[in-house]
Amino acid sequence: MKIKLQLSQIITNALLIANIQADEIVISDASKPEFGDYQFNGMMKLAKELKQNPREIAVMVCSHIDITGMVAKVEVAGPGFINIWLNDAWLATQANAILEDKRVGVGYVEQPQKVVVDYSGPNMAKQMHVGHLRSSIIGDTLATLLEFLGDEVIRQNHIGDWGTQFGMLIAYLEEQNTDGNTQELKDLEQFYKDAKVRFDESEAFANKAREYVVKIQGGDEHCLMLWQSFINASLGHCEEVYEKLNVNLTRNDVRAESFYNDQLAQVIETLKSKGISTTSNGAECVFIDGAEIPIVVQKSDGGFLYATTDLAALNFRDKVLNADRICYVVDARQAQHFKQVFSIAKQADMVGAEVSLEHIGFGTMMDKSGKPFKTRDGGTVKLVELLDEAVVRAKETIKDRDVHSNEELDAVAKAIGIGAVKYADLSISRESNYIFSWDKMLSFEGNTALYMQYAYARIQSILRKHDAQIFGDIVIGDELEHRLALMLLKFEDTLTKAAIEATPHTITGYLYDLVTLFMKFYEQNPILKGGIEEEVKMSRLQLAKLTASVIAKGLELLGIKVVDKI
RNA sequence: GCACUCAUAGCUCAGCUGGAUAGAGCAUCGGUUUGCGGUACCGACGGUCGGGAGUUCGAAUCUCUCUGAGUGUACCA
């Protein structure tokens, strides 16, 4: 339900009748319940342009607003705010219409786009660590959300599978004589360290490693085979993490760095021929505007850099994938890099002018003391271990709550533990750094996954207890029911905002408001207690059921599961 | 040095394409016909929105400046 769009049309019509021209009508949520459901604040600005008294023309415009359907009443307040109340019957009708809808009333975008979402991007030489967490889950949520709203999404996992360290790794792999799936590769971090030790202690090994780098780049079959088996094994580890995290990335989404190898020379050619790059100190560089420091696209030894690969990828995404929008879900510290690369790509026409290039940056994960998140001895925290710990901790918090079989307990702990980690991350505005806290994320209180999951389970419990068919319509009987029905219908507007701005925390904030409101409603409006009229009871059951559906759908978009019992 | 980001309640955070008396959660204190799942709900306390100046009917939000913190700064990704 696109409520704001409909309201802006209603206001536009009123302005037309009043013979006032306005380009964009922005409807806001009312800042307080006393001010109605929505408000239109644009009259002051319009009045200024018309050089008229804002209150007077607001009153005049109000008299033209259609109050026969959606809108129940309007009111002019303060210097010229127009406050809008929606009609109870209209809300009830809309809510009833989506009771059986799998999309809980969410429509599709009017103009679907082809969107590339580049996220996760682990390095194949290393085990996935907490640094990959945010990219993976924010990116996955964005991809899922856009897809749900009707865009065509192309996921791209730009894995780091190329570079000098791979010579060392495959030389070591060969020496260990593993096929890439054995114990030796279980812990990539350790494998890398061992290889490094070997590299430092043996001159012969070091030479071989260097030789192998040249050989892979030259297309040597033996070395490429070793490299491929290493990449496969490493990717296998990533897939385990994706599985645990409930992140939808498959091998089909992998478009590795190495994929662009044969396009890099062309990138340089293009830049040269268009006069965008110049040679400086032996390296091929692009000087942007007044910046003193250039972007090096080709080293003096002929090698390419990550800016070159990113340009090739941008070119590919525009010219081959035909993307309308390209989103890079990458650490905020790379803002400058993307700004430069985007600018070069547009200038060189590697990406059409109309394509939207967006760096979806995010902040760093911190520990309690506000320093980057590390293990006690200062190492990086492995993602697998973090997720396993989350499940163990989740189990601890719920084990005495309800009767569960061991299997149920495991499933519930998994849903709650993983959900807690993801929700904690997604609920913070993505550009700021965030402080990681087990206690906070696994709390039943506040804006946490568990609070949402608990609310869902509570509603399921009510429905189980009712244990009969629910028939009849939602009828709005009081202020709380009015607000709850409206909140449920606001789901689409919320998702739209989150999709445009690429802000998952918009969704968590909404879910939290919804659940808080439901708890209030539930506290004040008994559902199954004695003495409730059948019609009222059914209406409240429907509201409860619909609330559960929206919670479940919202969490599903975030890649978080719900459970019937906690 | 230059560039970018951030600064909101004791703590963790919303709000930022200018709108009405700046909102939550935690913590603290108090309350709720023994409760349809009370790990809930209600209330109280708590703010010079880092300082200062400007733009205007109106600024946490836009501009400038200062302070403090962080990040990035040509052949790593």
List, with names and distances, any nitrogen or oxygen atoms from the protein found under 3.5 Å away from nitrogen or oxygen atoms belonging to nucleotides 70-72 of chain B.
unit_1	atom_1	unit_2	atom_2	d
G72(B)	O2'	Q336(A)	OE1	2.9

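- Atoms CG and CD1, on D493(A) and I3(A) in that order, are 6.0 Å from each other to the nearest 0.5 Å.
- The existence of a salt bridge linking D425(A) and R430(A) is excluded, since no basic side-chain nitrogen approaches an acidic carboxylate oxygen closer than 4.0 Å.
- At least one side-chain heavy atom of L426(A) sits less than 4.5 Å from a side-chain heavy atom of T141(A).
- Atom P of nucleotide A74(B) and atom CG of L271(A) are separated by 20 Å, given to the nearest angstrom.
- Shown for residues 537-549 of chain A: no residue has heavy atoms falling under 4.0 angstrom of RNA chain B.
- Both thresholds, 5.5 Å between centres and 30° between ring planes, are met by Y522(A) relative to the base of C36(B), so the two rings are stacked.
- Side-chain N/O atoms of T164(A) include none lying less than 4.0 angstrom from OP1 or OP2 on A77(B).
- Side chains of N525(A) and E481(A): a donor-acceptor N/O pair is present below 3.5 angstrom, by distance only.
- The side chain of S461(A) approaches G37(B) more closely than any other nucleotide in the set G15(B), G37(B), C36(B).
- Side-chain contact check for I470(A) versus Q542(A): some heavy-atom pair is nearer than 4.5 Å.
- Pairing for G23(B) goes to C13(B), judged as Watson-Crick or G-U wobble with the two contacts each under 3.5 Å.
- Taking atom P in both G23(B) and G68(B), the straight-line distance is 32 Å, to the nearest Å.
- Nearest to the side chain of S432(A), among A14(B), A74(B), U39(B), sits A14(B).
- Ion pairing between K497(A) and E501(A) holds under the 4.0 Å rule for side-chain N and carboxylate O.
- Side-chain contact check for S277(A) and E284(A): at least one donor-acceptor pair (N or O, by modelled atom type) lies under 3.5 Å.
- Checked against G38(B), A20(B), A77(B), the side chain of F81(A) finds its nearest nucleotide in A20(B).
- Stacking between F35(A) and A20(B) is present: the aromatic ring centre lies within less than 5.5 angstrom of the base six-membered ring centre, and the two planes differ by under 30 degrees.
- Following rounding to the nearest Å, D161(A) (CG) and C76(B) (P) show an atom-to-atom distance of 18 Å.
- Between G72(B) and C64(B), the distance separating the two C1' atoms is 24 Å to the nearest Å.
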Considering only nitrogen or oxygen atoms on both sides, find all protein atoms under 3.5 Å from nucleotides 27-34 of chain B and state each distance.
none

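- The separation of A22(B) from G54(B), taken at their C1' atoms, amounts to 22 Å, rounded to a whole angstrom.
- Where L450(A) and L305(A) each meet RNA chain B at their nearest nucleotide, the meeting point lying more 5' is that of L450(A).
- Residue order along RNA chain B, read from the 5' end via each residue's closest nucleotide, puts K32(A) first among V515(A) and K32(A).
- In this structure, the nucleotide among U56(B), C36(B), A20(B) sitting nearest to the side chain of L528(A) is C36(B).
- The number of heavy atoms from other shown groups lying within 6.0 Å of NZ (K490(A)) is above 12.
- Of all nucleotides listed (G38(B), A74(B), C13(B)), C13(B) comes nearest to the side chain of I435(A).
- The side chain of S280(A) approaches A74(B) more closely than any other nucleotide in the set A40(B), C42(B), A74(B).
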